[in-house]
Amino acid sequence: MEDREYDLAFFHRHGFHRRTCAGCGHAFWTLGEFDRCQEAPCRDYGLVGHPVFARPQSPREMRETFLSFFEGRGHTRLRRYPTIARWRNDVFFTQASIYDFQPWVTSGAIPPPANPLTISQPSLRFIDLEEVGRSGRHFTEFEMMAHHAFNRPDHEVYFKERTVELCHELLTSALGADPAAFTYKEEVWEGGGNLGPSLSVGAAGLEVATLVFMEYVRDGDALKPMPLTVVDTGYGLERFTWASQGTKTAYEAVFGREYDELRRTFAPREAAILIDHARAINFLLTDGVVPSNSKEGYFARLLLRRALRILQKTPEAPELLAILDRTGRELALDFPEVGAHRDDLRRVVEAEAEKFQEAIARARQTIRRQEDRVRATGGKVTSDDLLGWYDSLGVPPDLAVEELRAPPPIPEDFYAQVAARHENEAPASDYAETTEVLPEVPASVPPTEVLYYLDPYTVSFDAHVVFADGPFVVLDRTYFYPTGGGQVTDTGHLGDASVTDVERRGPHVFHRLDAPSTVHVGDRVRGRIDPVRRTQLMQHHTATHLLNGALREVLGPHVWQAGAYKAPEAARIDITHYRALSKEELHRVDRRVNEVVRADRPVKSYFESRSEAERRFGFTLYQGGAVPGKELRIVEVEGFDVEACGGTHCTHTSEVGAISVLDVERIQDGVVRLTFASGERALDLREEHDAILKEAARRLGVPVAKLPDGIDRLLAEVEEGRKRAKERRQEDLGATAERLAADPTATETVGGVVLVVASVDLDRNGLMELSRLLTKEPGRVAILAAERDGKGTLFVGSTAPGIAAQSVVDAAKAAFAGKGGGNPAAATAVGEPGAPLRAALHDARTAARRAADS
RNA sequence: GGGCUGGUAGAUCAGCUCGGAAGAUCGCCGGUUUUGCAAACCGGAGGCCUCGGGUUCAAAUCCCGACCAGUCCA
């Protein structure tokens, strides 16, 4: 990045000078007399006891100071976004305020909700988890205060000069800091293929803010200017609060009385971890994470288990729920949604605590057993075992050590070693976008007017072709619904050609025909949508919303849609929930959802400003993922369910027809999938299932109502038959054994050993069982031969101490080219097809006699 | 999304390295003993060794693949 990028008129106007930091080598701008930038490690922390700002402020006051400062300077104040970044597939959590606007707003695809804007965004970062409570300034949950501006070539809001001016005014006028206390360090920010200059604002050892100017796209080695430039700033609320108070650590300043209360029971580090985690958990659960073993759910589990472990180790510790409620109440003063649904939140936490106790109880047992085994063989438990147990059982090392009689030392770098174990794993990859490559559309082509939003019932319309390339046609207006929001595409006809797929990219809707199009730009064409398919898709989509509403009602507001798919044949919805659905719960959902269908409630679809919609309905609007933009399309089932959704919907619930849930499965920890059908399809399926039941009943010869009993009877009979066959076989074998024992040509006694030699017609298992019957007593040897499929099998069983079964078999192998082996008690060999089994039997008998004689 | 554990009797688990006749404990059933119960002792029933392929004369055991559960990491 060239120097001129940072050479701002603002700096010159106010008498800043540019220096190079003797510590890190970065250039910086300052009014002070520094030869180093004012950030650690280039300078020590100097704010303890010497606040940077004029007046101590609580987080609440500081947030308000910040937001109203920018509001007073032309910025629109936005409410926070969810901490779970459902609108992105590259990250789990909102880690900074700019995440709210990536990728669609920053790429220019969608206009920003306000411009310029200011926000204080609760953010989650797990990278410094181990530092929480240790460093005195790290948090997993923190608020990033920001002001953002999005500049288009035709509309420049503000960029570097104004940003730095605002920042400096905030620090010095609004917060009353000494103007000479700050350094603006020159850095380069890069991310997501974009980059630009940035200024890092330091004071008293602390980096208090970062001002990023996104203006380039990396194109190989060259830099291309971005069509949209973005002001991305970040001011840490917690750091600002700390800097205003100058307390020993940030935790005293930020957590205040809550921290003092916990300090009566816990060490500073533990108290800080508990509050920090409790805040993060409150946000996570409020925003719809259910603890689980993967994805975002894992982080909720991680925090909960870490907190539980601390409480477990402390005898007079309060309940986790009490701590969560205490922090939750505090947060609710600023974020009322965190205070809602506390009972449901408690149930989620209780279920999770229970799972942890179970896991630990299981693990304890395993650890004890494994130690016993290791010690029995003269070994000892090593720190490697501790690593293994943590990885596979989830046992924290300190807990494992409690359980062991001879514990190894816990390595200092335990968690680093855990990380090392996972180093070589394949990185998590974004699932590949399988969308077909659509042709480029010239900028002159006007955007498609999408009419399906306004009227889902029109299935025939006229439009003009504005673009055509190969099988793709773009119209000036269309009623065809393109694949999106989990709803598959409409099909139908454009003129005489079949439309097989419809996709939306940017402002254009592409109709894909089954053959290269013969239409030309300017042609007027008639579009006809397959009405049966469209109706079924509408029913399935509206049914999905109804089910979601019923599930939230029955199971609790922790239920969020975690995915959905609506095809004509069936639809499915994945929801977050902490255990499998019980029969009773499913029954209640089924009843409730069909009750809402029958009640014929109106389903309204309309556009509304984002802020108004959020104010009225809250974040649960974003069941299908949060959508940035000024306007949201709202689908509202009156008094029951409201979601931001772009799909085609029925206008009354009764149009959905019956809803049948076909299948419920737990697809992963914390996620339950319901597969269902509605409308005609539900009736078709019901008929099909009915026919299957009747046919099954007919074949069993019972009435449908007696089907389960009939199956039980059938199974019992099968079991009985199996048992009887087994018994008969035992009897037959027993009879054979008796016959052989009584047959002088088969049985002889040599040197005190009873030797039975016989050819029988049995399979391998039969030979074994017969041998077992013949050798129940000690001092017996059975030599049995059988032929199956032309191959001879020789089996020898022995309870005679001097006669090893496998040596008898070995002696006979040569005679029939046999392969096999065994142990002293039993041995088998199978010969080549057609090889003389009789000779082998003879050799075996000879060998056994000789062994018995000696 | 990836790694690691694990899946054997109703329950909890041995056995798996190194392939060769499926085990223990608890529970269950019956008996002895006891006024009765518990306990003790004796005896018994109970297994598609998760499923599907492969290797082998032979697989609970080795290899490959599914499925299920747990766990760690992103």
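Below, all heavy atoms of this structure are taken into account, side chains as well, without hydrogens, waters or symmetry copies. Below, read A as the first sequence line, B as the second, and so on, with proteins coming before strands; counting in each chain starts at 1.
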Salt-bridge criterion met for [X] and [Y] (N-O under 4.0 Å):
X	Y	value
A/R137	A/E131	no
A/R368	A/E403	yes
A/K813	A/D810	yes

key: Residue whose nearest RNA chain B nucleotide is more 5′ - A/N424 or A/D669   =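 Closest to the 5' end, via its nearest nucleotide, is A/N424.
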Hey, does [X] reach any base, or is it just sugar-phosphate, or nothing, if we go heavy atoms under 4.0 Å?
X	result
A/K791	nothing
A/T793	nothing
A/F816	nothing
A/F92	base

For the pair made of [atom1] in [X] and [atom2] in [N], what is the distance, rounded to whole Å?
X	N	atom1	atom2	value
A/L393	B/G70	CG	P	13 Å
A/L386	B/C4	CG	P	20 Å
A/L129	B/C72	CG	P	13 Å
A/D384	B/U5	CG	P	13 Å

ask   = Can you name the ring pair (Phe, Tyr, Trp, His ring centres under 6.0 Å) partners of A/F126, sequence neighbours left out?
value =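 With neighbours one apart ignored, the set is A/F93, A/F299.
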message = Strictly under 4.0 angstrom, non-hydrogen atoms only: write out the protein contact profile of nucleotides 9-28 of chain B, one letter per nucleotide from the 5' end, B, S or -.
response = ---SSS-----BBS------
Check: A/A826 main-chain N/O paired with A/Q806 side-chain donor or acceptor under 3.5 Å =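 Here the side-chain-to-backbone pair does not exist.
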For [N], what is the paired nucleotide under Watson-Crick or G-U wobble rules, both distances under 3.5 Å?
N	value
B/U35	none
B/G20	B/C57
B/G65	B/C51
B/C28	B/G44

query = Would you say B/G70 has OP1 or OP2 under 4.0 Å from some side-chain N or O of A/R666?
reply =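 For A/R666, the contact criterion (side-chain N or O under 4.0 Å from OP1 or OP2 of B/G70) is met.
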message = Let's see if you can work this out: which of B/C57, B/G2, B/G1 has an atom nearest to the side-chain heavy atoms of A/H422?
response =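 Among B/C57, B/G2, B/G1, the one nearest the side chain of A/H422 is B/G2.
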query = To the side chain of A/D391, which of B/C57, B/C72, B/G1 is closest?
reply =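 Of all the options, the side chain of A/D391 is nearest to B/C72.
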Pairs satisfying ring-ring contact (aromatic ring centres under 6.0 Å, His included), at least one member in residues 387-408 of chain A, at least two apart =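 Every ring-ring contact (aromatic ring centres under 6.0 Å, His included) pair that includes a residue of residues 387-408 of chain A, provided the two are not neighbours, is A/Y390-A/F414, A/Y390-A/Y415.
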request  = With A/R764 as the cation and A/F795 as the aromatic partner, state whether NZ or CZ is under 6.0 Å from the six-membered ring centre and within 45° of the axis.
outcome  =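 Ring-cation test returns no.
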